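Okay, so here's the structure we're looking at.
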2 protein chains.
Amino acid sequence: MVKYVGPSLDATFAALADPTRRAIVARLGEAGPSQGVAVGELAEPFEMSAPAISKHLRVLERAGMLTQQRDGRVRRCRLDPTPINEASRWIEHHRAFWNNQLDALADFLEGPNKEDAAHD
Amino acid sequence: MVKYVGPSLDATFAALADPTRRAIVARLGEAGPSQGVAVGELAEPFEMSAPAISKHLRVLERAGMLTQQRDGRVRRCRLDPTPINEASRWIEHHRAFWNNQLDALADFLEGPNKEDAAHD
DNA sequence: TACATACTTAACCATATGGTTAAATATAAG
DNA sequence: CTTATATTTAACCATATGGTTAAGTATGTA
């Protein structure tokens, strides 16, 4: 199969498909555009080994959602919002689209004897 | 690991992490709230075996995004927008949050000598 | 220099994905 | 009843995930 996924929708949605990573993303979001949050700090809430966290961070990194920079022996993580913005665009586009259609159906089902139905 | 994921954010984002499934979702969205689209019709654009499509559909089904109903020997698929609506809510919440913070940072960086900076 | 801190990398295991082909199932049609 | 159509299930394979423990690596500190 060997399908390359760079900073793509594939990688972004896959990265968001795990609760630990979503929590990390949320945490980094709360931290805002600061100097970044240390890996150890990010790891703290989770009952999980350090390597497990490290792997999650690499998944986020490969999705382009996270960058790391060294600060002494500490690595600080920051969010790059671009991939999620793109994912958001995709999802919003389609969500809005078919919800509108569902609304149209609801209107039709609920008011075929009202004036809306007179349109055709 | 054996982690149960029902119609959850996990399953929804995972389902969206594949281009074939996103295309299927898009197709079903375009079809709107109709009687549904036949599996064969959904499969048509893809150079992929029928079982491959069938598996994709089951991933979407387990995520609660798709329902199937038999119509003779044809199975018709319809979208259930609920899971994506929830995913959209999550993503929009966090996206909006940190983009606002980024904007705040931009404002700060760009206007520390303007009146905005006078607030503290 | 020696040791602790903060991580990552390596090696391993189990399960899920994403694909294949081949076989089963269900319905329609001849 | 036989055959074609539509789709799933079974069995298999390779790779990715999500976790583990054990071993590196890099930096700060005594």
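Predicted, not measured: the structure shown is a model, and the values here were computed from it. No hydrogens, no waters, no symmetry mates; every other heavy atom, side chains included, goes into these values.
- Toward the 5′ end of DNA chain D lies the nearest nucleotide of B:I53, the other residue of the pair B:I53 and A:A14 mapping further downstream.
- For A:A15, the side chain to side chain contact (heavy atoms under 4.5 Å, CB included) test picks out A:R21, A:V59, A:L60, A:A63, A:M65, with sequence neighbours left out.
- Salt bridge A:R89/A:E86: absent, no basic N to carboxylate O contact under 4.0 Å.
- Taking A:D80 as the reference, nothing meets the salt bridge (Lys or Arg N to Asp or Glu O under 4.0 Å) condition, with sequence neighbours excluded.
- Summarising the geometry, the separation between CE on B:M48 and P on D:dT8 is reported as 14 Å, rounded to the nearest angstrom.
- For the helix from C:dT1-D:dA30 to C:dG30-D:dC1, the angle separating the two terminal helix axes comes to 0°, with each axis derived from five pairs and the value rounded to 10°.
- Heavy atoms only, all atoms of each residue included: A:G29 and A:L79 are closest at N-CD1, 3.7 Å.
- The nucleotide whose nearest atom lies closest to any side-chain atom of B:D18 is, among C:dG18, D:dG19, C:dA6, C:dG18.
- For C:dG19, one of the phosphate oxygens OP1 or OP2 lies less than 4.0 angstrom from a side-chain nitrogen or oxygen of B:H56.
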Under-3.5 Å N/O pairs linking protein and nucleotides 22-28 of chain C:
none

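- Residue B:A38 comes nearest to B:V74 through the heavy atom pair CB-CG1, 3.4 Å, listed as atom of the first residue, atom of the second, then distance.
- For A:A17, the side chain to side chain contact (heavy atoms under 4.5 Å, CB included) partners two or more places apart in sequence, or in a different chain, are B:F13, B:A14.
- Here the P atom of nucleotide C:dC7 and the CD atom of A:Q69 are 13 Å apart, to the nearest Å.
- Every residue two or more places apart in sequence or in another chain that forms a side chain to side chain contact (heavy atoms under 4.5 Å, CB included) with B:A52 is listed here: B:M48, B:S49.
- In this structure, A:R21 places its CZ atom 7 Å from P of D:dT17, rounding to the nearest Å.
- Atoms CD (A:E61) and P (D:dA16) sit 17 Å apart, rounded to a whole Å.
- For A:S49, a side-chain nitrogen or oxygen approaches OP1 or OP2 of D:dT20 to under 4.0 Å.
- Sorted by first and then second residue, the pairs that involve residues 35-59 of chain B and meet salt bridge (charged side-chain N to carboxylate O under 4.0 Å, His left out), not counting sequence neighbours, are B:R27-B:E41.
- Contact check of residues 35-46 of chain B against DNA chain C (heavy atom, cut-off under 4.0 Å) returns no residues at all.
- Side-chain contact check for B:T67 and B:E61: no donor-acceptor pair (N or O, by modelled atom type) lies under 3.5 Å.
- Listed by chain and number, the residues in a salt bridge (Lys or Arg N to Asp or Glu O under 4.0 Å) with A:R76 are A:D71 (sequence neighbours excluded).
- Here the C1' atom of nucleotide D:dA6 and the NZ atom of B:K55 are 19 Å apart, to the nearest Å.
- Note: CZ (B:R62) to P (C:dG18) measures 11 Å, nearest angstrom.
- Regarding B:D10, its CG atom lies at a distance of 11 Å from the P atom of C:dT17, rounded to whole Å.
- For A:R22, the salt bridge (Lys or Arg N to Asp or Glu O under 4.0 Å) partners are B:D10, not counting sequence neighbours.
- Note on B:Q68: every side-chain N or O is 4.0 Å or more away from OP1 and OP2 of D:dT7.
- Nucleotide C:dT17 holds its P atom 11 Å from the CG atom of B:L60, rounded to whole Å.
- The list of ring-ring contact (aromatic ring centres under 6.0 Å, His included) pairs with a residue in residues 40-91 of chain B, not counting sequence neighbours, reads B:W90-B:H94.
- Applying the 4.0 Å criterion to OP1 and OP2 of C:dT9, one finds that A:R58 has a side-chain N or O inside that range.
- Across D:dA11, C:dA6, C:dA11, the shortest atom-to-atom separation from the side chain of A:V74 is found for C:dA6.
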